[in-house]
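As a basis for the values below, the full set of heavy atoms in this structure was taken, side chains included, without hydrogen atoms, waters or symmetry mates. Note that this is a predicted model, so its numbers are computed, not measured.
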Amino acid sequence: PAMSAAEDVLLRVGGGVDTPLELTRSDLEAMPRDQFQIPARHDRNVMETWSGVPMIEILRKAGAPVGDRLRGRNMAAYVVVIAEDGFRAVYALAEIEPRFSPERRILVADRLDGKALGGDFGNLRIANKGEGEFSRWVRQVVALEVRIAE
C-alpha cells in the first residue's frame, strides 16, 4: 500500500533533553491541554481564549530536567524558544515549572478562540498568562532548545 504523506513537524524539541522530539499537529492534539482567557492586546475590552499544550508537558515528554530534577545545577537550565524567522526568547525552567510559578501558565498555543492558528501567528505561538508584556509571546514557534547557563 502507498504511504500517505507524513504529517508536517510543527515543533522540534532538543538540546539538553533525554528524548528529542518532532511533534506534529496530531501529536500536540493528543497531549494534555489547557486554555485561558485574557484581554486582547489590541482591545482590552475583548477577551481572547488561547489554548494549547502547557510548555511543561512538552518538556516532560522530552525528558527535560523538570519536576524532581529541577534542583542543583539544573536551576540554571532554560529554554530558548525559536521562531521561524530566527527571533528567540528565553524562559528559565523554573518559570515554566508550576511548583515555582503557580500563577503563571505558559502554553505552546495552537488555537485562538477555538480556531487553529495561522497567518501572522504561524501554527504555534507561546501564550503566557501572568506576563505583563507580550515580547515573549513568540509567534511562528518552530523549536524549543533546552540549555544550561554556564
Mind listing the side-chain donor-acceptor pairs of residues 138-150 below 3.5 Å, one per line with the distance, residues two or more places apart or on another chain?
unit_1 : atom_1 : unit_2 : atom_2 : d
Q140   : NE2    : D120   : O      : 3.1
E145   : OE1    : G15    : N      : 3.3
E150   : OE2    : R73    : NH2    : 3.3

### Query
Does the side chain of T49 reach to within under 4.5 Å of the side chain of L112, using non-hydrogen atoms?
no

### Nearest non-hydrogen partners of L107 and G52, listed with the distance
CD1-N, 3.9 Å

### Message
Could you see if M75 belongs to whatever hydrophobic cluster contains I96? Use Ile, Leu, Val, Met, Phe, Trp, Tyr and a side-chain cutoff under 4.5 Å.
### Response
yes

### Message
Please say yes or no: joined through hydrophobic side-chain contacts below 4.5 Å, possibly via intermediate residues, are F100 and I58 part of one cluster?
### Response
yes

### Task
Would you check if the side chain of R105 reaches a backbone N or O of Q35 as a donor-acceptor pair within less than 3.5 Å?
yes

### Message
Is any side-chain heavy atom of I56 closer than 4.5 Å to one of V66?
### Response
yes

### Summary
Of all heavy-atom pairs linking A89 and F87, the shortest is CB-CE2, 4.2 Å

### Message
Show, in sequence, the C-alpha distance, side-chain angles and deciding distance for Y91 and N128, and conclude whether the side chain to side chain contact (heavy atoms under 4.5 Å, CB included) test is met.
### Response
CA-CA 11 Å; Y91 285 93; N128 182 346; 3.3 Å; yes

### Task
Would you indicate whether the side-chain heavy atoms of P39 and M47 approach each other to under 4.5 Å?
yes

### Query
For S101 and E95, does a side-chain donor sit closer than 3.5 Å to a side-chain acceptor?
no

### Query
Mind checking whether L21 and L11 have side chains closer than 4.5 Å, heavy atoms only?
no

### Summary
Minimal heavy-atom distance between K129 and Q37, with the atoms involved, is NZ-O, 3.7 Å

### Summary
To the nearest 0.5 Å, atom CG of L93 lies from atom CZ of R69 at 10.0 Å

### Task
Determine whether D27 and E22 make a side-chain contact, defined as any pair of heavy atoms from C-beta on separated by less than 4.5 Å.
no

### Message
Can you confirm if the aromatic rings of F121 and W50 lie within a centre distance of less than 6.0 Å?
### Response
yes

### Query
What's the shortest heavy-atom distance between R41 and R44, and which atoms?
CA-NH1, 3.7 Å

### Message
Working to the nearest 0.5 angstrom, can you tell me the gap between L10 CG and L23 CG?
### Response
8.5 Å

### Query
Can R33 and D110 be said to form a salt bridge (Lys or Arg N to Asp or Glu O under 4.0 Å), step by step?
CA-CA 10 Å; R33 296 181 65 84; D110 56 8; 2.6 Å; yes

### Task
Output yes when R71 and E97 qualify as a salt bridge under the 4.0 Å nitrogen-oxygen rule, no when they do not.
no

### Query
Are F36 and E48 close enough that some pair of their side-chain heavy atoms sits under 4.5 Å apart?
no

### Query
Are more than 12 heavy atoms from other residues, nucleotides or ligands located less than 6.0 Å from atom CG of D18?
yes

### Message
Could you check whether any side-chain heavy atom of L70 comes within less than 4.5 Å of a side-chain heavy atom of P65, counting everything from C-beta outward?
### Response
no

## Note on the structure
Only one of V53, V81, L28, L117 passes side chain to side chain contact (heavy atoms under 4.5 Å, CB included) with L124, and that residue is L28

### Message
If I compare all heavy atoms of V79 with all of M55, which pair ends up nearest, and what's the gap?
### Response
CG1-SD, 4.4 Å

### Query
So do the side chains of S26 and E7 get within less than 4.5 Å of each other, counting heavy atoms only?
yes

